[in-house]
J.: 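Quick one: this structure, given as structure tokens, is what I'll be asking you about.
Every chain is numbered from 1, with letters handed out A, B, ... down the list of sequences. These numbers come from the heavy atoms of this one structure, side chains and all, not from hydrogens, waters or symmetry mates.
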2 protein chains.
Amino acid sequence: MAVTLKEVAERAGVSRSAVSRTFTQGASVSAKTRKKVEKAARDLGYSPSLIARSLATNRTKLIGLIANNFQNPVFLEVFDLYTRALQERNLRPLLVNLTDQTDPSASVQLLKQYSVDGVIVASSTLPPLFAHAFKEAQVPVVHAFGRFASTPDIHIVGIDNEHCGALAAETLQKHRYKRVAFLGGPQSATSAQDRAAGFTRRAKEIGLEIVSSLYADAYAYNSGQQAMRELLNDRRFEAVFCGDDLICMGAMDAARDAGLSIPQDVGFIGFNDMNMAAWQAYSLTTIRQPTSEIILSSVDLVVSMLDTPERAPEVRLFPCSVVERGTLKPIEG
Amino acid sequence: MAVTLKEVAERAGVSRSAVSRTFTQGASVSAKTRKKVEKAARDLGYSPSLIARSLATNRTKLIGLIANNFQNPVFLEVFDLYTRALQERNLRPLLVNLTDQTDPSASVQLLKQYSVDGVIVASSTLPPLFAHAFKEAQVPVVHAFGRFASTPDIHIVGIDNEHCGALAAETLQKHRYKRVAFLGGPQSATSAQDRAAGFTRRAKEIGLEIVSSLYADAYAYNSGQQAMRELLNDRRFEAVFCGDDLICMGAMDAARDAGLSIPQDVGFIGFNDMNMAAWQAYSLTTIRQPTSEIILSSVDLVVSMLDTPERAPEVRLFPCSVVERGTLKPIEG
DNA sequence: GAAAATTTTGCAACCGGTTGCAAAAAACAA
DNA sequence: TTGTTTTTTGCAACCGGTTGCAAAATTTTC
């Protein structure tokens, strides 16, 4: 059915190797034969089979992209950036949707079977152990948005969540808040834990009182909304630090529904700075996570592992910053 | 490096074919050899190489998934459903992000090179010609969310956009609106064109006056916001039909920013019923597009084409319905 | 228990490329 | 021109599986 190397070789009157060589980078072919081959290939509409090539070279140009949060629109931004970055480097993403039902070890198996060249685990809600399974299977892996460890055993690209939690505390204090609430992401997520830890520590240091504290059960709108309703039973807090923008939007809507005005009655600060945070309906003050830098960096890292698989595990941390919009009461001059 | 068929065969004391057969569905192996092979495979940690298998069987279990709208959160729902549906059928999505920069014919080439078993074009903003290119390359293809044609030359799964546009007009009339505006998606998208056509036709039939009409330049929040600002220069309309929920949200925020209350001063009806449409900040009345049905059906269709590639092109249309929430003024009893 | 029918097994060719090696061709030097 | 060096070329083996075919083994039938 499809045109093969052999047919092109016959038509061009050269050996199969010659054809192969004109289609592989840096191989030695004379200008004359290259011309002949290219013409024959064009006539026949030939394009080399990547499957066959993969088998021979043991390289597939496939990168496994593992994600488990298809509820949070921020992941659409993430996918957009990943697919583009990979495409630009002539690599292809093989997307794995890790739902609660799917067995994690099955996906390791799976990606191994497809002999992906590398794997990017793009999630802050997966345990470090998960990414580790790939290392054991000898597959280059980087954990993007993963938990920072001072002696990492796999590559980590992300932010210092503990520090960013502290940043949120400082921001609230700067805006003259005294009593605040914490509404975190799912407690099983390392990102949620670390943000909570940093927030709590710094709050204590600077005399910010955390009057209530709650974890949503997912990085999702509904979870935020629901958790906020609970929080509203005890209204001693003047502002809320939400561990994620989407959660924050849910929380804000719950607060408004209870008749509160933002930021007059209650202030909010989110986390991520997703595109939607800038929407007028929310205009969210938030901690910006440099998503695009993290993604590009993790792609670069996995690419460089293709050549030097035994690279020592590296941690790459990017700084977060505060984006001031309209959900905290203004700082008085 | 990786364990191969041959090693398993040697350890189990059988031929390579025997090993191959225990790992392929419906092949003939005795219980005894199967046992031996399975043990050897387990001991060695063997799993068959899908690359090699693909080369031999000419089947990759890869489905190309082509999308070009990574701005609209509804696509995250789409990806979620697609990846799940494919995974359940033991297929894998190879995601292609078709940006404005990427050459469409290059992606045809690309997916051909990876010898994907089939392709799903998941976009209402791509010209019918695009999907057609795969048919010409002999690759099973279905266009999801594509334009319905009475004599299709490729498989189409989606909705009757013209009809749904008409449904929007009827809904506005039912809510006692007289003068309305139309704020469509990008004019190049067939979905936007068809929704506009149906809306206009039906409006005329039932005496609904369309006082202004405008196309946003993308299915995106900002585009909706911007278009709405323009529309607000001439405020003769009492309600707006937006060709997409996200556009509608942008438009609503623009209206509120101009001091209008919804639905008291101006009504809105959207399109899609994305998850976010139910958010309290919007609580959008909208035309529901049965996304999940479309996706499952398109996966089924592409799967069935794997066995019978020459299947006659088929159109599968799913009905839309109105979801009433809070952005149109109530119908008075 | 033998003959016939059925199932299981191994051989060997094949899928469509790549690549080390040695021979052939071309380029260069004297 | 000839000898030497460099580049290009084809051969053949290999990547890791699958599969048609005929022989071997097993099961069924009488």
J.: Given atom CG of B:L44 and atom P of D:dG17, what is their separation to the nearest angstrom?
T.: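 Those two atoms, CG and P, are 12 Å apart.
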J.: Search all heavy atoms of A:S123 against all heavy atoms of A:N68 and return the closest pair with its distance.
T.: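 Nearest pair, atom of A:S123 first, then A:N68: OG-OD1, 2.9 Å.
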J.: Which ones in residues 25-40 of chain B lie close to DNA chain C, meaning a heavy atom under 4.0 Å from one of its atoms?
T.: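 The stretch gives B:S28, B:V29, B:S30, B:T33 as the residues lying under 4.0 Å from the strand, ordered by number.
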J.: How many whole angstroms separate atom NZ of B:K61 from atom P of D:dG17?
T.: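 Checked: the NZ to P distance equals 16 Å.
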J.: Which nucleotide, D:dT19, C:dT18, C:dG17, lies nearest any side-chain atom of B:S17?
T.: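 Nucleotide nearest to B:S17's side chain: D:dT19.
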J.: Could you tell me how far apart A:R59 (CZ) and D:dG16 (P) are, to the nearest whole angstrom?
T.: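 So the CZ-P distance, A:R59 to D:dG16, works out to 15 Å.
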J.: Is there a donor and acceptor pair closer than 3.5 Å between the side chain of B:S49 and the base of D:dC15?
T.: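 Per atom types, no contact qualifies.
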J.: Among D:dG10, D:dG16, C:dT18, which is the nearest nucleotide to the side chain of A:R53?
T.: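 Side chain of A:R53 sits closest to C:dT18.
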J.: Can you tell me if B:S191 and B:N161 form a side-chain donor-acceptor pair at under 3.5 Å?
T.: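 Distance-only check fails for B:S191 and B:N161.
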J.: Contact class for A:S20 vs. all strands (heavy atom < 4.0 Å): base, sugar-phosphate, or nothing?
T.: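 Base contact.
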J.: Does the side chain of B:P48 come within less than 4.5 Å of A:Q113's, by heavy atoms?
T.: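 A:Q113 vs B:P48: side chains touch.
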J.: Measure the distance from CZ on B:F23 to P on D:dT19 and round it to the nearest whole Å.
T.: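 After rounding, the gap between these two atoms is 15 Å.
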J.: Report yes if a donor N or O on one partner sits less than 3.5 Å from an acceptor N or O on the other, where the partners are the side chain of A:R16 and the base of C:dG17; otherwise report no.
T.: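 Answer yes: a donor N or O sits under 3.5 Å from an acceptor.
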J.: Is the ring pair A:F79/B:F79 parallel, tilted or perpendicular, if the boundaries are 30 and 60 degrees?
T.: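 A:F79 vs B:F79 ring planes: perpendicular.
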J.: So, OP1 or OP2 of D:dG10: does either fall under 4.0 Å of a side-chain N or O from A:S15?
T.: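 So the side-chain polar atoms of A:S15 do come within 4.0 Å of the phosphate oxygens OP1 or OP2 of D:dG10, strictly under.
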J.: Should the ring pair A:F75 and A:F145 be called parallel, tilted or perpendicular, given that the plane angle runs from 0 to 90° and is split at 30 and 60?
T.: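 It falls in the tilted class, 30° to 60°.
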J.: Could you tell me the separation between the CG atom of A:L5 and the P atom of D:dG10, rounded to a whole number of Å?
T.: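 Checked: the CG to P distance equals 12 Å.
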J.: How long is the line joining CG of A:L50 and C1' of C:dC15, in whole Å?
T.: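 About 15 Å, once rounded to whole Å.
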J.: Without decimals, in angstroms, what is the distance between B:I51 CD1 and C:dT18 P?
T.: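 The distance from CD1 of B:I51 to P of C:dT18 comes to 14 Å, rounded to the nearest Å.
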J.: Mind checking if B:T24 touches a base, just sugar-phosphate, or nothing, with heavy atoms under 4.0 Å?
T.: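 Result for B:T24 = sugar-phosphate.
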J.: Mapping A:K6 and B:G13 to their closest nucleotides on DNA chain C, which lands nearer the 5' end?
T.: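 Closest to the 5' end, via its nearest nucleotide, is B:G13.
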J.: Is there a donor and acceptor pair closer than 3.5 Å between the side chain of A:R21 and the base of C:dG17?
T.: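 Donor-acceptor pair under 3.5 Å: no.
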J.: Tell me the interatomic distance from B:E10, atom CD, to D:dG17, atom C1', rounded to whole angstroms.
T.: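 The distance from CD of B:E10 to C1' of D:dG17 comes to 15 Å, rounded to the nearest Å.
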J.: Are more than 12 heavy atoms, taken from residues, nucleotides or ligands other than B:Q25, located less than 6.0 Å from that residue's CD atom?
T.: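 No.
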J.: If we count only N and O atoms by modelled type, under 3.5 Å, do the side chains of A:N97 and B:D80 hold a donor and an acceptor together?
T.: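 Indeed, the side chains of A:N97 and B:D80 share at least one donor-acceptor pair under 3.5 Å.
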